[in-house]
Amino acid sequence: QKLQSDPYFFFQDRETYANDLDNPEHLIAVKASANRSKGANGPDDDEWMPQNQEYWCTYIKDWETIKQRWNLTMTVSESAAVHEMSASCQ
């Protein structure tokens, strides 16, 4: 993931990324316990998905949108998981 592995992005754009409130999908209010359980995990390899399964398609769409907006890369397993979940949402 570019956000974690690219030092230029980490230092130059971290504040802008963290405070990106122009897009409603970027930051959503959740309970502290949900935030802790997610941590830095993503949708790949069943690492983490929202408890509410009705929200999964929205979550995956938002995940892809944010990755594209910030030119962030995906691991092979992350990309496969996102593709598989996106296909089931259509």
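We're numbering straight along the sequence, starting at 1.
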A.B. asks: Just jot down the side-chain contact (heavy atoms from CB on, under 4.5 Å) partners of T58, sequence neighbours excluded, or say none.
C.D. replies: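 Y55, D62.
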A.B. asks: Is there a side-chain contact between S86 and K61 in this structure, where contact means two heavy atoms from C-beta onward sitting under 4.5 Å apart?
C.D. replies: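 They are not in contact (no side-chain heavy atoms under 4.5 Å apart), so the answer is no.
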A.B. asks: What's the separation between atom OG1 in T65 and atom CZ in R69, rounded to the nearest 0.5 Å?
C.D. replies: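 Those atoms lie 10.5 Å apart.
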A.B. asks: Looking only at heavy atoms, which two atoms of S79 and M74 are closest? And how far apart?
C.D. replies: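 Heavy-atom minimum between the residues: CA-SD, 3.9 Å.
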A.B. asks: Distance-only, no hydrogens or angles: does the W56 side chain make a donor-acceptor pair with backbone N or O of P50 under 3.5 Å?
C.D. replies: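 At least one qualifying donor-acceptor pair exists.
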A.B. asks: Ignoring hydrogens, what is the shortest heavy-atom contact between A81 and P43? Give both atom names and the distance.
C.D. replies: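 Looking at all heavy atoms of both residues, the shortest contact is CB-O, 3.6 Å.
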A.B. asks: Begin from the C-alpha positions of E78 and W63 and carry the test side chain to side chain contact (heavy atoms under 4.5 Å, CB included) through to its verdict.
C.D. replies: CA-CA 10 Å; E78 177 185 9; W63 185 273; 2.7 Å; yes
A.B. asks: Determine the minimum heavy-atom distance between L72 and I66, stating which atoms define it.
C.D. replies: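 Scanning both residues completely, I find the closest heavy atoms to be CD1-O, 4.5 Å.
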A.B. asks: Of the non-hydrogen atoms in K67 and T73, which two are nearest, and what is the gap between them?
C.D. replies: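 In terms of heavy atoms, the two residues are closest at NZ-O, 3.1 Å.
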A.B. asks: Filter on disulfide (SG to SG under 2.5 Å), then keep only pairs touching residues 61-90, sequence neighbours left out; what's left?
C.D. replies: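 Sorted result for residues 61-90: C57-C89.
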